[in-house]
Protein chains: 2
Amino acid sequence: MEGTDKKCNDTRERLIQAAGEVFAQRGFKGATVREISRCANANIAAVNYHFGDKEELYYEVLKNSLSSVMKKYPPDLGVTPESTPEERLHAFIRSLLFRVLDESRPTWHARLMAREIAEPTAALDQLIENILGPLYGYLTVVVKQLISDEANDELVHNCIFSIMGQCLFYHNSRHVISKLYHKKFGPEVIERLSTHIMRFSIGAIRDLGILDTKSAKV
Amino acid sequence: MEGTDKKCNDTRERLIQAAGEVFAQRGFKGATVREISRCANANIAAVNYHFGDKEELYYEVLKNSLSSVMKKYPPDLGVTPESTPEERLHAFIRSLLFRVLDESRPTWHARLMAREIAEPTAALDQLIENILGPLYGYLTVVVKQLISDEANDELVHNCIFSIMGQCLFYHNSRHVISKLYHKKFGPEVIERLSTHIMRFSIGAIRDLGILDTKSAKV
DNA sequence: GCATGATTAAAACATTTGTTTGAAACAGTC
DNA sequence: GACTGTTTCAAACAAATGTTTTAATCATGC
């Protein structure tokens with residue numbers, strides 16, 4: 001009836017869920033195993049028994065979170081290999097926005113990842129290898145198609161950073177946005193945002209692509 | 001010879017400097033008054049004597065940091081009221097990038113502010129009122145001039161978010177960028193980045209402005 | 001020189017926190 | 001039902017941390 005289905009008695013699983021919430025809310029240092037245990041209806045010793053120590057639990061939570069969130073919103077959600085680069089970019093942006101903004105489901109995945117990106121622990125390498133690397137790679141291919149296949153690397157990198165930056169901003173600065181503009185991010189707002197970022201970026205890339213091919217010709 | 005000039009013996013001042021470094025590096029929770037005191041060559045009791053408690057010291061550090069960094073890189077650095085909107089936007093972006101990326105000077109200001117933005121304490125309101133509010137306001141004016149004075153508010157907001165997002169990305173994701181692309185942000189790289197973001201945004205805004213005025217005509 | 005107030009110093013205090021311990025409860029097997 | 005390995009529990013431990021205390025030191029005005 002509330003999150004955990006069918007009275008799942010597996011303490012280990014409950015600990016991971018609870019730890020996700022608490023780590024996301026308070027950070028690794030701020031989270032206490034006592035609070036985690038209490039939220040999971042488990043004994044204080046449960047964390048050490050099942051995971052060895054707090055840090056190992058954190059890794060487990062992060063790993064768990066990653067696969068789950070990428071499964072729900074894959075970068076090519078709703079497009080096929082036959083789609084145009086524009087459609088693929090739009091899909092990428094849309095997925096990314098939903099991944100980091102959707103508050104209608106266990107919300108700690110995005111916050112946890114943002115935390116790890118902003119202030120990495122030793123787990124960042126794993127995060128890059130499994131998630132961020134492929135993600136940036138995918139976007140690179142799409143952007144290269146949009147500009148031209150011989151576009152110089154620096155321009156391509158700058159463009160994918162511009163796109164990623166626009167999307168992630170709404171998560172990183174959400175408290176400021178909410179205080180300054182009283183904006184909330186429901187699904188329909190996210191849709192409009194994704195359209196905006198897509199148009200903004202396509203327009204920009206077209207311009208820069210023209211500049212680039214011109215300078216390449218010189 | 002090293003940061004503090006003329007053997008400034010004021011313990012209070014040394015504490016603020018040291019606390020800035022430590023808070024930026026470890027976060028509020030992770031920073032210990034013992035480490036701060038040690039870095040400041042002060043006694044453990046000094047923090048409580050001079051500031052009451054750890055939290056009050058944090059507020060003081062934040063306040064101090066804000067005024068200092070905005071003084072060094074004001075948003076209209078190098079432009080006059082007669083400059084074109086394009087020039088003003090470029091100056092804004094350049095300043096913002098230097099503000100968050102310049103590692104050649106006491107570097108904790110930006111990290112401290114990023115921390116507060118990503119996970120606010122009670123001090124965020126003050127930060128918004130004194131710094132972020134005016135900053136966003138200034139950018140809004142510039143962007144409005146670029147699109148058209150009757151541009152609809154949502155479009156303008158989305159555009160300033162797109163610009164802020166592109167800039168802040170390089171700070172928030174610096175560890176990922178560094179691991180994926182082995183990029184370091186020296187002054188000349190920052191200059192090139194600011195030019196890229198300026199072009200990217202101007203191109204995009206032009207396009208969207210045309211769309212906007214067309215739809216406004218309908 | 002000394003009295004006064006501000007500052008510093010070292011030690012101690014009270015909590016909090018991650019972890020360990022040892023016994024109890026449980027589950028499955030023969 | 002006794003044995004075995006696993007899981008849970010309450011209590012305790014050791015280290016760390018913010019804060020307080022009490023005395024010493026310093027600076028300044030008389």
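Residue numbers begin at 1 in each chain, while the letters A, B, ... track the order of the sequences.
Aromatic rings from B:Phe185 and B:Phe98 are positioned such that their centres are separated by 6.0 Å or more. Aromatic rings of A:Tyr58 and A:Phe23 (six-membered ring for Trp) have centroids within the 6.0 Å cut-off, being under it.
Nearest to the side chain of B:Asp53, among D:dT19, C:dA10, C:dT21, sits D:dT19. Side chain of A:Arg34, nearest nucleotide from D:dT6, D:dT17, C:dT19: C:dT19. Here the side chain of B:Ala45 is nearest to one of D:dG18, D:dT21, C:dT21, namely D:dT21. Of the candidate nucleotides C:dA10, D:dA10, C:dT17, C:dA10 has the atom nearest to the side chain of B:Asn43. Side-chain proximity of A:Val33 to the nucleotides D:dG18, C:dG18, D:dC9 is greatest for C:dG18.
If you check the side chains of A:His90 and A:Ser194, you find a donor sitting under 3.5 Å from an acceptor. Under the 3.5 Å distance criterion, with hydrogens and angles disregarded, no donor-acceptor pair is assigned to the side chains of B:Thr140 and B:His157. For the residue pair A:Asp102 and A:Tyr73, a side-chain donor N or O sits within less than 3.5 Å of a side-chain acceptor on the partner.
Across the protein-nucleic acid pair, B:Lys54 atom NZ and D:dT20 atom P stand 14 Å apart, rounded to whole Å. Atom P of nucleotide D:dT8 and atom CG of A:Asn48 are separated by 13 Å, given to the nearest angstrom. Taking atom CZ of residue B:Arg12 and atom P of nucleotide C:dT7, one finds them 10 Å apart after rounding to whole Å. For the pair B:Glu55 CD and D:dG18 P, the interatomic distance rounds to 12 Å; values are reported in whole Å. If you measure from atom CD1 of A:Ile36 to atom P of C:dT16, you get 17 Å, rounded to the nearest angstrom. Rounded to an integer number of Å, the gap from A:Lys29 NZ to D:dG18 P is 9 Å. The CG-P distance, from A:Asn41 to D:dC9, rounds to 9 Å in whole Å. Between the CZ atom of B:Phe51 and the P atom of C:dT7 there is a distance of 12 Å, rounded to whole Å.
Scanning both residues, B:Lys184 and B:Val189, for their nearest heavy atoms gives O-CG2, 3.8 Å.
Side-chain N/O atoms of B:His50 include none lying less than 4.0 angstrom from OP1 or OP2 on C:dA6. B:Thr11 has no side-chain polar atom (N or O) that falls below the 4.0 Å cut-off from OP1 or OP2 of C:dT7.
With a 4.5 Å cut-off on side-chain heavy atoms, A:His171 and A:Leu97 do not count as touching.
Consecutive Watson-Crick or G-U pairs involving DNA chain C, each under 3.5 Å on both distances, make up stems of three or more pairs at C:1-30 with D:1-30.
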